[in-house]
Structures are given as structure tokens and as C-alpha cells.
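Mind looking over this structure? Questions follow.
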Amino acid sequence: MSTNGKNVIDLENVSKVYGHGESAVHAVDRVSLKLDPGKLFILMGPSGSGKTTLLMLMGCLLKPSSGSVHLFDHEISSMSEQELPAVRLERIGFVFQGFNLFPALTAEENVEATLNLKGYRGEDARRRARDLLDRVDMGKRLTHLPEDLSGGEKQRVALARALAGDPPILLADEPTGMLDSKTGRKIVEILHDLAHREKRLVFMVSHDTRILHLADKTFYMDDGRLNSEHP
Ligand SMILES: Nc1ncnc2c1ncn2[C@@H]1O[C@H](COP(=O)(O)OP(=O)(O)OP(=O)(O)O)[C@@H](O)[C@H]1O
Ligand SMILES: [Mg+2]
């Protein structure tokens, strides 16, 4: 990982407007932030305040309406739609709000499918999938389908899948949202380790104020505007 201790995500005056005219929604409104690796960032804010939109802008799933997004040395807003998937694949792991696991694939196959996208094949992909699931303590549920897993277990599979390909940036949208506090805490501890021990940049959305002490920095979003506060 070539993180070099500098900002790996740099947003300057970024806005995202959905729709036009009367029905336009200013989901993200002139947000600037710089994030460096080896830290866990937590973003809070009410429903509809723009958190998922901000995560999608940082993860190159959306282009900003205005402003600039830098990931490492890439300027995202000037890149073509054809170039973006490669940046995403190499640099970013995503844990989506509500898991997004493939329902017809087992835990192991869900992780393998992402490894396949990243160029791992056959036995190599299978071995890596098992290693990743072991890391999130899911080695005993490899052949379970998502419907046969608990919420916390599904969340851990989603996390293992996000770690496929060893991304330096991990973006997690409410990874503890549907979990009891003990299971949720376990997930956050894994995310904290991924930041501090493995020097990844981990940025997560959460509503749980009990985990804020684990954050290196907390951000609050309200109506598209971002405020930061040091814990
Ligand atoms: N594709 C879209 N088209 C139009 N409006 C959208 C679209 N996606 C989101 N919005 C609007 O943008 C605003 C921000 O949405 P976003 O999903 O970023 O909020 P959020 O903070 O993640 O909310 P939650 O906590 O409920 O997940 C909301 O008002 C939402 O209705
Ligand atoms: Mg959201």
C-alpha cells in the first residue's frame, strides 16, 4: 500500500445536486475535507442529511456536481466513466448500507466473486476468501447462504468482501446499523484495527454515539453541510 502518510482523500468544495429546478436536492453542499491513512473516521448525522451521498463521492461511485475530489494522485471529477471502475477496484473497499450480499451465493462465494473481479482465480481466490472470512471470525460459516446468517454475520461477510484485494481505503455505510450493541462493537473494533494496525483509511457512517471514543475524528452532517469535531 502506497499511503506515505499524506492525505489519500481530499475533497475541495464538493457539492452534489440530484435533479433539477424545483425538485433539486442539494444532498452534499460545499464540503471540504482531507483524510489521511491509519485512522478511523466516523460520520454522523440525521437521515437524509447526505451521508451516503458523501461516501459515494469519496468512493468514486458518483461524480460531484461541482468541486474536486482527489484520491491519491487522481482527480476524480475530470476522469471518464470508463476510468473510474479501475480506481475503485484497486483502492476502495465498500461496505454498503444493508449488506448487498448476493442471496444465491454462500458466504465464501460472495467473497470469491469480488476476488474474481480483482483478478484472483480458482484455488487462489478460494484460499483468500477463506483467509478473509477467518479474519472476521466467520471461518465456520463458509457455506451458509446470507439468509441463513444472522445480521452480524452478514455484516462480517460484507466486511470480508470489502477487504478483498487489500484496499487502502475502506468506506462503510452504517456497518453496525442493524446489529445489537455487542456485535456492533465487535465490527467497529475490527474496523479500528484495520485503520490502526494495517494503516488503512477507514471512514464509516454510524448513529451509535457509544462507539465515538474509538474514532480518531468525528464528522457531523446536517442538510448537506459537514462539520468536524475532535473527540
Ligand atoms: N438518486 C437520488 N435522486 C434524488 N435524490 C436523492 C437520490 N439519492 C438521495 N437523494 C436525496 O438526497 C438526500 C441525501 O440522501 P443520502 O442517502 O445521502 O442521505 P443519508 O444521510 O445517507 O440518509 P440515511 O441516514 O437515511 O441513510 C436525501 O434527501 C435523499 O432523498
Ligand atoms: Mg444513508
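When a ligand or atom number is given, it counts from 1 through the structure's own listing order.
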Tell me which protein heavy atom sits closest to atom 26 (O) of ligand 1, plus the residue, atom name and distance to 0.1 Å. Ser47 OG, 2.6 Å
What is the closest protein heavy atom to atom 15 (O) of ligand 1, and at what distance does it sit? Thr53 OG1, 3.8 Å
Hydrogens and angles aside, do His26 and Asp223 bring a side-chain donor and acceptor to less than 3.5 Å of each other? no
Regarding Thr52 and Asp173, do their side chains bring together a donor and an acceptor under 3.5 Å, going by distance alone? yes
Return yes if some donor-acceptor pair links the side-chain N/O of Lys51 with the main-chain N/O of Gly48 below 3.5 Å, else return no. no
Against ligand 1, does Gly45 come closer than 4.0 Å with any heavy atom? no
Considering heavy atoms of the protein only, find what lies nearest to atom 2 (C) of ligand 1 and give residue, atom and distance to 0.1 Å. Tyr18 CD2, 3.5 Å
Polar contact flag for Ala27 and ligand 1 (N/O pairs, less than 3.5 Å): no
Look at the side chain of Asp10 and the backbone N and O of His70, then say whether any donor-acceptor pair between them is shorter than 3.5 Å. no
Report yes if some N/O of His207 lies less than 3.5 Å from some N/O of ligand 1; otherwise report no. no
Are any of the protein's heavy atoms under 4.0 angstrom from atom 8 (N) of ligand 1, yes or no? yes
Check for me, please, whether Val157 and Leu117 land in the same ILVMFWY cluster - side-chain distances under 4.5 Å, paths through other members count. no
Atom 4 (C) of ligand 1: protein heavy atom closer than 4.0 Å? yes
With distance as the sole test, does Arg141 use its side chain to make a donor-acceptor pair with the main-chain N or O of Ala107 at under 3.5 Å? no
Atoms of ligand 1 less than 4.0 Å from Thr52 heavy atoms? 17 (O), 18 (O), 20 (P), 22 (O), 27 (O)
Quick one: which ligand 1 atoms are inside 4.0 Å of a heavy atom on Glu174? 25 (O)
Less than 3.5 Å between some nitrogen or oxygen of Val25 and one of ligand 1, yes or no? no
Check if Gly19 has a non-hydrogen atom at a distance under 4.0 Å from any atom of ligand 1. no
Considering non-hydrogen atoms of the protein only, which is the closest contact for atom 25 (O) of ligand 1, and what is the distance? Lys51 NZ, 2.8 Å
Which one of Arg161, Arg130, Arg126 satisfies the side-chain hydrogen bond (donor to acceptor under 3.5 Å, both in side chains) criterion with Glu112? Arg126
Of all protein heavy atoms, the one nearest atom 28 (C) of ligand 1 is Gly48 O, 3.7 Å
Say whether, by atom type as modelled, one donor and one acceptor occur between the side chain of Glu153 and the main chain of Ser150 under 3.5 angstrom. yes
Report yes or no: does Arg225 contribute a side-chain atom to a donor-acceptor pair with the main-chain N or O of Arg30 at less than 3.5 Å? yes
Give the atom numbers and elements of ligand 1 that come within less than 4.0 Å of a heavy atom of Ser49. 19 (O), 21 (O)
Answer with side chain, backbone, both or neither: which part of Met221 has a heavy atom less than 4.0 angstrom from an atom of ligand 1? neither
Criterion side-chain hydrogen bond (donor to acceptor under 3.5 Å, both in side chains) on Tyr18 and Thr53, from CA distance to verdict: CA-CA 10 Å; Tyr18 293 113; Thr53 305; 3.0 Å; yes
State the OG1-CE distance between Thr176 and Met204, to the nearest 0.5 angstrom. 4.5 Å
Can you see which heavy atom on Ala125 is nearest to which on Asn116, and at what distance? CB-ND2, 3.8 Å
Note the single closest protein heavy atom to atom 27 (O) of ligand 1, along with its residue, its atom name and the distance in Å. Gln97 NE2, 2.9 Å
Hey, is Pro46 one of the residues with a heavy atom under 4.0 angstrom from ligand 1? yes
Specify whether an N/O/S atom of Thr52 falls short of 2.8 Å from the Mg ion (ligand 2). yes
